[in-house]
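Order of the sequence lines sets the chain letters (A, B, ...), proteins ahead of strands, with each chain counted from 1. These values consider heavy atoms only, across backbone and side chains, with no hydrogens, waters or symmetry-generated copies.
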Amino acid sequence: MFHSETGVFKTSYAADMALFPLPVARWTIAGLTLLFVLVVPLVFSPYLMTLLNLVLIAVVGALGLDILVGYTGLISIGEGGFMSVGAYTAANLVVRMGLPFWVAIPAGGLMAALIGIIVGIPSLRIKGLYLAIATLASQFIIEWLINHVTWISGGIEASIQVPPPEVFGHKLVMPQQLYFFLLFFAVLAIVATLNLKRSRIGRAFIAIRDQDIAAEIIGINIFRYKLYAFAISSFYAGIAGVLYTYYLGIANYEQFGIDVSIDYLVMIIIGGLGSVLGAVFGAAFITLLPEATRLFLTNFGGEFLSQDTIRRLVPNSTLILFGTLIIFFLIVEPEGLNRLWRNVRNYFRTWPFSY
Amino acid sequence: MTRRTNRIAALLLGAGLGFVAFGVAQAADKTILIGMQCDRTGPTQVVGTKLCPGTHDYIDLVNSQGGVDGWKIDAEEVDNAYKVPPAIEEYEHAKQQGAVGIMIFGTPQTEALNQRLEQDKIPGTSPGFGIAASADGKYYPYLFPIAANYWSQGAAAIKFASDQLGGSLKGKKIAYIFYDNPAGHEPLPIIQALAKTQEFELQTFAVPPPGVDVSSQVLAIAQQYRPDFVIDHTFGKSPALIIKALKENGYPLNKVVALVWASGEADITDAGGWDVAQGYNTMQFAGAGENYPIIKAIQDMYKKRGEAPPAAMQATVYYNRGVEQGAVWVAAIRNALKLSHGQKPTPTQVKDGFEMIHNFTLGGLMPPLTVTAADHEGGGWVRIFQVKGDHLDAVTPWYRAYRNMVVDKEDKTAEQMAAKSN
């Protein structure tokens with residue numbers, strides 16, 4: 001994920017397929033594990049943990065959307081809808097049947113996958129903008145159904161309160177406890193996506209993205225693989241929805257609106273389409289950007305601006321920054337943050353003897 | 001190319017780390033911090049850009065007069081753009097900095113933060129939106145709606161219609177036009193129950209989000225159903241469009257009453273101006289207009305500073321609600337300081353401070369607000385202001401209607417929700 005090397009000649013399939021081809025990659029992973037499992041929970045305050053937790057949830061959702069948009073090349077503006085399917089499925093299972101989280105989370109994902117397959121059916125015939133509109137329709141249909149069918153939404157304000165997840169009899173409520181809970185699923189999502197990319201299915205996705213007719217000619221069942229892409233992507237989205245529900249303690253479809261779908265698209269575009277690391281970067285970047293802008297302006301802005309101006313400036317500057325960044329990345333670096341990271345890495349690898 | 005992008009990347013990385021590092025608290029002595037959420041951007045910005053300055057101005061006024069028993073109040077504002085994740089980030093940030101409470105904005109945000117408030121024992125307010133059942137302080141100890149919820153508003157609207165139609169609704173037809181989201185549905189159970197007891201006919205007309213097309217609904221109301229009275233519970237751009245369309249279809253606007261979020265000056269001006277909206281009835285939980293001593297005091301404060309009062313002040317409906325929000329918090333903190341004997345109050349003491357608020361009117365800008373441990377709604381008072389000339393004129397005193405029915409509904413729902421989540 002972090003490293004790849006030229007001049008390495010592999011002599012076996014096992015070596016070629018290895019997730020970490022270089023020893024240094026293993027050390028990096030070990031270092032990151034140490035950092036995220038030991039250092040971060042000890043050093044970070046609950047507030048910073050909260051930010052990190054939101055990033056972890058966004059990572060799961062962004063990876064899911066990246067499988068569909070980045071790997072398979074099918075545009076979707078329905079991420080939020082699939083998230084709410086997962087959220088309400090889990091919330092109903094937990095509240096009505098008292099099921100634990102390790103049933104509710106996969107169940108939410110599976111239900112979202114099922115709905116994803118249905119939504120994905122038009123993708124066989126339509127592409128690009130048309131598909132985007134079809135997924136947009138699914139977003140609104142799901143929202144409407146949840147709003148109007150009280151059997152799903154629980155009746156009161158279309159929201160269902162969920163008790164916190166329990167692990168070995170311990171209720172996870174503090175940001176630190178939830179951090180490990182969310183970290184587990186985020187890591188699982190990252191590893192699964194890395195492996196998916198190297199599998200037959202992942203390669204088929206990429207073939208479809210690059211040229212679907214060619215993919216069909218070399219023997220890929222386009223219909224089946226497109227539906228796989230929708231199913232897997234929605235599964236991730238559903239899981240992200242359930243995690244979000246557990247995190248907030250409430251399932252509410254208004255938290256998964258069209259703006260959320262667009263935020264996730266922005267994440268993978270700014271992060272870099274079709275790369276796992278890009279989705280992670282994008283999720284972190286978009287989640288932290290508003291908070292970072294705010295802290296920057298409220299801490300430094302006081303020197304030369306009045307309080308009232310800052311209050312009016314902060315929210316709007318976030319929006320301006322958002323728009324500018326999207327345009328910036330589309331023009332200057334369409335491959336996103338992931339590419340920037342690779343450039344930095346490549347620069348330092350030959351440093352100081354670059355040629 | 002590579003070198004340039006490298007430099008940009010390093011800059012971004014460095015800046016990002018720098019920002020996060022600055023999230024550390026700035027400690028200040030003799031300051032009481034309140035977290036404050038706003039919606040200056042996003043779908044409800046028409047409210048936030050007016051309401052938030054009101055709250056700040058009231059708090060500035062209190063601070064300029066020496067604060068509360070020598071304590072300065074600091075409301076740390078964050079824009080949540082009506083999204084949930086920023087609301088949670090802001091809440092945790094405020095908590096870490098030692099805030100005694102949080103002013104929430106938005107119904108989804110209130111629902112998302114509700115459990116945290118209870119768990120952290122930090123009071124939060126949700127004036128005029130949020131969870132209606134949270135009026136019941138027994139089941140929602142840390143959430144304070146401090147203004148009439150949608151059930152109280154629905155009941156009050158029916159009472160107003162009844163008074164306007166000669167004291168009885170028997171056999172009359174009432175149209176309920178609402179924004180098709182959970183908040184829009186909220187008053188329905190009360191209105192439906194009243195339709196049975198008061199024996200009127202009720203028909204509902206849903207405006208689907210984003211609420212920019214109301215023509216078919218208004219046509220159905222004005223041309224086909226022809227009700228005796230219309231209750232308008234919409235948000236955003238819809239109220240203005242509804243006023244305009246009803247006028248065009250010849251429906252008398254004095255037979256329309258709007259609930260609190262369809263009642264701003266912006267709705268009237270966007271509908272085509274005050275001339276168009278003559279007679280339109282708006283429901284308020286804070287008084288509209290400028291003729292209140294507290295507004296005069298804020299104007300004087302600006303005069304003393306040699307500045308012009310903010311433009312937001314002209315939108316008296318939302319600005320005054322902001323003032324009310326600030327005033328209720330200051331009142332709660334004042335009470336909390338009594339409990340803490342002048343020490344910095346804890347969030348729990350501020351919560352108790354809220355529950356000690358008794359007959360607080362702010363010189364007529366507010367209803368006689370009385371918050372108790374059982375009633376966090378503060379009585380559920382509203383007042384109807386009618387568009388007359390170029391201003392909003394009060395046509396009723398502060399009142400509430402069918403109170404037993406509303407309280408009963410609040411208690412039952414709160415109990416039901418509490419039972420479900422355990």
Side-chain angles (χ1 to χ4, degrees), chain A residues 45-51 54 58 95 143-144 147-148 153-154 156-164 173 175 247-250 252-255 259-260 263 285 287-288 290-296 298-300 307-308 311-312 314-316 318-319 332-333 337 339-341 343-344 346-347, chain B residues 2-3 5-6 8-10 12-13 15-16 18-20 22-23 26 38-42 49 52-53 56 76-79 81 83-86 88-93 95-96 107-108 111-116 119 131-133 180-183 185-186 208-209 310 413 416-417 420-422:
Chain A
S45 64
Y47 161 63
L48 290 176
M49 290 306 266
T50 307
L51 292 181
L54 287 167
V95 172
E143 276 185 28
W144 192 90
N147 187 9
H148 287 260
S153 64
I156 302 161
E157 293 227 334
S159 54
I160 306 174
Q161 290 191 35
V162 216
V173 278
Y247 186 66
L248 297 178
I250 196 159
N252 181 322
Y253 81 92
E254 287 179 292
Q255 289 153 4
D259 50 337
V260 173
D263 276 354
F285 192 77
T287 314
L288 300 180
E291 197 67 357
T293 327
R294 185 177 72 77
L295 290 174
F296 178 77
T298 45
N299 282 298
F300 298 111
Q307 274 302 311
D308 191 48
R311 281 174 197 142
R312 277 185 281 129
V314 169
N316 292 305
T318 313
L319 289 179
V332 180
E333 195 54 276
L337 288 170
R339 182 53 186 257
L340 288 183
W341 157 252
N343 288 342
V344 173
N346 292 341
Y347 175 78
Chain B
T2 351
R3 194 157 288 174
T5 35
N6 284 349
I8 292 166
L12 283 176
L13 210 79
F19 289 178
V20 173
F22 263 87
Q26 331 105 297
C38 259
D39 54 334
R40 290 184 193 242
T41 59
T49 49
C52 301
H56 285 302
E76 190 204 53
E77 180 191 314
V78 175
D79 178 68
K83 289 182 184 175
V84 172
I88 295 167
E89 287 162 13
E90 198 283 320
Y91 168 76
E92 291 289 338
H93 188 237
K95 186 175 90 182
Q96 174 165 324
T107 296
E111 288 175 344
L113 287 171
N114 171 38
Q115 285 199 353
R116 278 159 203 268
Q119 181 190 312
I131 308 164
D180 197 2
N181 71 355
H185 286 270
E186 186 111 317
T413 313
Q416 195 186 338
M417 286 182 82
K420 251 190 184 173
S421 61
N422 286 328

Run the salt-bridge test on A:R294 and B:D79 with the 4.0 Å N-O cut-off and return the result as yes or no.
no
Shortest non-hydrogen contact from B:P85 to A:L54?
O-CD1, 3.9 Å
Taking every heavy-atom pair that is under 4.5 Å apart, which of B:V78, B:L113, B:T413 has the most such pairs with chain A?
B:V78
When rounded to the nearest 0.5 Å, the distance separating OH of A:Y47 from NE2 of B:H93 is 4.5 Å
Criterion side-chain contact (heavy atoms from CB on, under 4.5 Å) on A:I250 and B:Q115, from CA distance to verdict:
CA-CA 9 Å; A:I250 196 159; B:Q115 285 199 353; 5.9 Å; no
Enter the distance from A:E291:CD to B:E90:CD here, rounded to the nearest 0.5 Å.
8.0 Å
With a 4.5 Å limit on heavy-atom distance, are the side chains of A:E254 and B:V84 in contact?
no
Shortest non-hydrogen pair, B:P108 vs A:Q255, comes out as O-NE2, 3.5 Å
Pick one of side chain, backbone, both or neither for B:D39, based on which atoms fall under 4.5 Å of a heavy atom in chain A.
neither
With a 4.5 angstrom heavy-atom cut-off, is it the side chain or the backbone of B:E111 that approaches chain A, or both, or neither?
both
Are side-chain heavy atoms of B:P182 and A:N147 found at a separation under 4.5 Å?
yes
Who passes ring-ring contact (aromatic ring centres under 6.0 Å, His included) against B:H185, sequence neighbours left out?
A:H148, B:F178
Residue B:K95 versus chain A: region with a heavy atom under 4.5 Å
neither
Go through B:H56, B:K83, B:Q119 and name the one with the most non-hydrogen pairs under 4.5 angstrom from chain A.
B:H56
For A:V173, which atoms come within 4.5 Å of any heavy atom of chain B: side chain, backbone, both, or neither?
both
Honestly, the part of B:A133 sitting under 4.5 Å from a heavy atom of chain A is neither
Check the pair A:T50, B:Y91 against side-chain contact (heavy atoms from CB on, under 4.5 Å), reporting the backbone distance first and the verdict last.
CA-CA 10 Å; A:T50 307; B:Y91 168 76; over 6 Å; no
First locate atom CG of A:L48, then atom CD of B:Q96, and finally report the distance between them rounded to the nearest 0.5 Å.
6.5 Å
Segment of A:N316 engaging chain B (4.5 angstrom heavy-atom cut-off):
both
Taking side chain as everything from C-beta outward and backbone as N, CA, C, O, which of these in B:A81 sits under 4.5 Å from a heavy atom of chain A? Side chain, backbone, both or neither.
neither
Which atoms of A:T318 come close to chain B, meaning under 4.5 Å heavy atom to heavy atom: side chain ones, backbone ones, both, or neither?
neither
For A:E143, check side-chain contact (heavy atoms from CB on, under 4.5 Å) against everything at least two apart and list the hits.
A:Q139, A:F140, A:Y253
With a 4.5 angstrom heavy-atom cut-off, which part of B:P86 approaches chain A: side chain, backbone, both or neither?
neither
Please flag which part of B:T49 lies under 4.5 Å from any non-hydrogen atom of chain A: side chain, backbone, both or neither.
neither
